[in-house]
Structures are given as structure tokens and as C-alpha cells.
Number of protein chains: 2
Amino acid sequence: MELTTKEKIIHSSLALFSEFGYHATGVRKIAKDVGIRESAIYNHFKNKEDILTHIIDKYFDSTFLLKDNINLNIDKPKSTLLDIAMSFKLLSYDKNSDKFFRFFIIEIMQNKNVRDKYLDNYLEKQINALSSLFFEMMQKGLIGSSDPISLAWEFLSSLFFYRFQISVFNIDRFQSSNTIASSFEKHISIFWNSIKNSN
Amino acid sequence: MELTTKEKIIHSSLALFSEFGYHATGVRKIAKDVGIRESAIYNHFKNKEDILTHIIDKYFDSTFLLKDNINLNIDKPKSTLLDIAMSFKLLSYDKNSDKFFRFFIIEIMQNKNVRDKYLDNYLEKQINALSSLFFEMMQKGLIGSSDPISLAWEFLSSLFFYRFQISVFNIDRFQSSNTIASSFEKHISIFWNSIKNSN
DNA sequence: GTCTATACCGAGATAGAC
DNA sequence: GTCTATCTCGGTATAGAC
């Protein structure tokens, strides 16, 4: 697979941004990594920030969105939840997705554009989708009655943290990520055990 | 309370670092915020990185460590867990601690020194302490038998995420943090409901 | 589309007067 | 301990030849 220069620039930039941060990464470094001169960068991107924007637009979805063939079969509620958790786990152990994740965590804290994307395009959608799912389950009597939004937060929180933690381990303690490899499944087990209707 | 120049530098630096990041914050900006010239900074710190090091050393503990008067009364297991959660909540809604938290999240991803502190001085200790607590509870038959380390991860994960999320909301959607204000308590309720021994 | 050369700026940092 | 003045370096970005 032959990458165009533009693709190479994006690829190198992302690798450097996710390791050193956006500000600490110079255009010279990017150019060197690609194998061209700084000036050649500007044939493909307006400026440095333009590279950042392209990366965000191109990779945000693939970094955060779960596989969309999740079986939302309401009659098998526990395995539906497990499916979602496994989708998180898949992303966590995907090398590329993990790199983007680190990059985005940094940018969420510093870049309003990324932060808004995270809050509106990701978090809110996830919470809404999960709330609906739990609401349905309650109506069918599969789980006890309570606030579906709170359940959604509780369900998501652990999955997100495990992904965060694996991402931190993966920087320079790759082996340690094994210690929480089974946490995604364990979460479903504990969570389901708490909310299920036991009649 | 009169702050020394050195303290003022640390204070201003932290505010700027946590808002714009370490690399995006110049020594000139810090000096201006303090009300002195750049050169005067160097009477107090060797260089810019030296300021960073001092901040980390001075504030890491107060950012992450829970209040140490938590009552680890094993005979009231649920309220012990609630105490821990409330300690998290307290830190989340403390304005200063919240600022440091954002700063440290960024640095965890980019700075090996901070990352090691997070992993060794914070995370491992927390997991160990919680594991011991759950182990004791199992031995006393207060909760069902399972892997105490997994329980510790599951318990901590939600609390950490809620803190993370409140910190993100607090940047420019202060109002939204209310939506998860009760999540800390809710977490204890759901978690305890799952692990308690019901005999 | 990439190169060389260069402009320009702001960064971190130092010397020495006060 | 702070100031002014200044240095050097590396950053982003552009002009114009090939």
C-alpha cells in the first residue's frame, strides 16, 4: 500500500502528537519523519493547525465509535451489555486506536473543538443510547426500576476508565495492561448482578 | 496572606499550565502573570522545567490522595465505601484540586515522571488498599467470595471516571457537572448491591 | 511537488547594572 | 531580587528555482 505524501504527513504527525503533544511537536520533526523538507508540508496543509484539524476529523470517529453491528437484542440483555463491553475492549487493544485515544485525551483537556466533539458526538450519544436500552429493559421487567440515565453513567464509567488505564499502561508498561484485561467482562458480571430482576 | 515571589510563580504557572498546557505556556506569560520580568524567574528556578518539577512535587499528593481520616470500620462496610466515594467527590468539586487534576491528566500522557507517580504512588496504592479491604470483607462473610483485586479495579474505575468527567465539564460547561453530581453515591449503591452477601 | 534559502518571530536563557 | 539589554535557538511560514 503506497501512501500519498499527505497521508504520510498525517500518519507521522499523529504518531508524534500522541507521543509528545501537539505543541511540543515541531513542523521540522514531522517533515523529518516523513522524509521531506518543512516547506513541502505547506503544499498539503495550510499550516500546522490544519494538520491537527484533519487528524481530528479523520480519526475521531474510528477512535471512539463502537462497532455498529452490536446486537441490541433486548431479550438477551446481559449478552447485549457484554457485546458493548467487548467493543470497548477491542478498541483498547487496537494499536492505532489506542494511539489516537491518548492524543484525544490530551486534546479534550486543551482544545475546545475536540472537547465539544467528545461531549456532543460521543458522550451524550452513548449515554442516550444506553439510557434507552436500560429504559426498555425496565419496561420489560428484565431489570429493576430506577433512573436509566444513572445506570448509563455507571455502566459507561468503568469501561471508559479501563480504556484510559490500558492506554496509560501501553506507553511504557505494556505488560501491566494484562492485569486489567479481563476487567471488561468482570464489569458486566458485577453490573448485571446488581441490576437484574431476580424473580 | 503574603505570597513570596517563588510561590507566586508556582501559582501562576500552575494556572497557565492547566489551562494551556506546559509547552504552550511561555516563561514570558508566567512572568507577566506574576508581575515581574522573565529574567527574575531565574532567580527562583533553574529553568522552566524546574518549575514543572516543583509543581508536581508540591501538588501531586493533594490532588490525588484522599482525606486520611476515612473510617475503615470493617463492620460498616457500605458506609466505609461511601466514605471513600465522598472523598473522591470532595476532591472533584474542589476548585484547586480540579485544576491540578486536569494538569496531571495531560502530564500522565506525556511525562514519564508524572506517569510513574500516578502508577506507583497513586494507582497501585489505591488498588492494594481496596483489595485488602475487600479481602477482609470476604473473610468476614460480609461480601461474596471473588477476586478482591478485580473488585478493587471495578470500584475505583467509576469514581475515577466521574472525577475525570467533572473535570472536563468544569472547563466550559460548568452546569453540566450537576448531571453526574450524585453518581458517586449511586455508584456505591449499585456496587454494594452486587457484592453484598444477602444472607 | 519538492527543493534551497531565508524571513521573522517568540521561545528560553544569561550578563551585568541597580 | 529585579531590572534592561541582549543572545541564541528553534519555531512557523514564504519565495522562487528546479
Side-chain angles (χ1 to χ4, degrees), chain A residues 1-59 102-104 106-107 109-114, chain B residues 1-59 102-104 106-107 109-114:
Chain A
M1 59 163 204
E2 276 300 300
L3 294 177
T4 65
T5 302
K6 187 167 186 172
E7 288 169 330
K8 279 184 198 165
I9 293 169
I10 288 196
H11 189 263
S12 292
S13 298
L14 177 62
L16 293 165
F17 289 169
S18 68
E19 184 171 354
F20 305 106
Y22 172 71
H23 286 287
T25 302
V27 177
R28 283 185 171 97
K29 249 191 231 168
I30 298 170
K32 195 177 178 184
D33 196 66
V34 174
I36 54 173
R37 297 286 159 181
E38 305 96 89
S39 53
I41 299 259
Y42 295 90
N43 287 315
H44 305 278
F45 296 94
K46 216 181 96 229
N47 52 34
K48 190 186 168 188
E49 207 191 336
D50 193 32
I51 303 176
L52 184 73
T53 308
H54 270 77
I55 289 179
I56 293 166
D57 289 345
K58 188 169 180 191
Y59 292 110
R102 263 194 299 281
F103 168 69
F104 280 121
I106 295 168
E107 292 304 313
M109 294 301 192
Q110 299 186 330
N111 181 316
K112 178 152 172 51
N113 185 22
V114 175
Chain B
M1 61 160 202
E2 278 297 302
L3 293 176
T4 65
T5 303
K6 186 167 185 172
E7 287 169 331
K8 280 185 197 163
I9 293 169
I10 287 196
H11 189 263
S12 292
S13 299
L14 178 61
L16 293 165
F17 289 169
S18 69
E19 185 171 354
F20 305 106
Y22 173 71
H23 286 287
T25 303
V27 176
R28 284 184 170 91
K29 250 192 231 167
I30 298 169
K32 195 177 179 183
D33 196 67
V34 173
I36 53 172
R37 298 287 159 180
E38 305 95 271
S39 53
I41 300 259
Y42 295 90
N43 286 314
H44 304 277
F45 296 95
K46 215 182 94 227
N47 52 32
K48 191 184 167 190
E49 207 191 335
D50 193 31
I51 302 177
L52 185 72
T53 307
H54 270 78
I55 290 180
I56 294 166
D57 288 344
K58 188 168 179 192
Y59 291 110
R102 263 195 299 281
F103 167 69
F104 279 121
I106 295 167
E107 292 305 313
M109 294 301 191
Q110 300 185 332
N111 180 317
K112 178 149 170 56
N113 185 21
V114 175

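In what follows, chains are A, B, ... by sequence order, proteins preceding strands, each numbered from 1. No hydrogens, no waters, no symmetry mates; every other heavy atom, side chains included, goes into these values.
Partners of E38(A) according to the side chain to side chain contact (heavy atoms under 4.5 Å, CB included) rule, which considers only residues two or more places apart in sequence or in another chain, are V27(A), R28(A), A31(A). Partners of S12(A) by side chain to side chain donor-acceptor pair (under 3.5 Å), not counting sequence neighbours, listed by chain and number: D33(A). Qualifying salt bridge (Lys or Arg N to Asp or Glu O under 4.0 Å) partners for K112(B), counting only residues two or more places apart in sequence or in other chains: D172(A), D116(B). The ring pair (Phe, Tyr, Trp, His ring centres under 6.0 Å) search around F103(B) returns none, not counting sequence neighbours. For the ring pair (Phe, Tyr, Trp, His ring centres under 6.0 Å) test, no residue two or more places apart in sequence or in another chain qualifies with H44(B). Residues passing the side chain to side chain contact (heavy atoms under 4.5 Å, CB included) test with H23(A) are H23(B), A24(B), sequence neighbours excluded.
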For residues 3-10 of chain A, please give each side-chain donor-acceptor pair under 3.5 Å, one per line with the distance, not counting sequence neighbours.
| from | atom 1 | to | atom 2 | distance (Å) |
| --- | --- | --- | --- | --- |
| T4(A) | OG1 | E7(A) | N | 3.2 |
| T4(A) | OG1 | E7(A) | OE1 | 3.4 |
| E7(A) | OE1 | T4(A) | N | 2.9 |

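Contact annotation for T4(A): no contact, since no heavy-atom pair falls under 4.0 Å across all strands.
Using a 4.0 Å cutoff on non-hydrogen atoms, no part of residues 6-22 of chain A comes near DNA chain C.
Atom pair F45(B):CZ and dG1(D):P shows a separation of 12 Å (rounding to whole Å applied). Straight-line distance from the NE2 atom of H23(A) to the P atom of dG10(C): 15 Å, rounded to whole Å. Nucleotide dA11(C) holds its P atom 14 Å from the CD1 atom of I51(B), rounded to whole Å. Protein atom NZ of K32(A) is 12 Å distant from nucleotide atom P of dG10(D), rounded to whole Å. Remark: P of dA13(D) and CD1 of I30(A) are 10 Å apart, rounded to the nearest angstrom. The nearest whole Å value for the distance from the NZ atom in K29(A) to the C1' atom in dT12(D) is 15 Å.
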With B for base contact, S for sugar-phosphate-only contact and - for none (protein heavy atoms under 4.0 Å), nucleotides 13-18 of chain C reads BBB---
Show the numbers, then the answer: is there a side chain to side chain contact (heavy atoms under 4.5 Å, CB included) between L52(B) and N113(B)? CA-CA 11 Å; L52(B) 185 72; N113(B) 185 21; over 6 Å; no
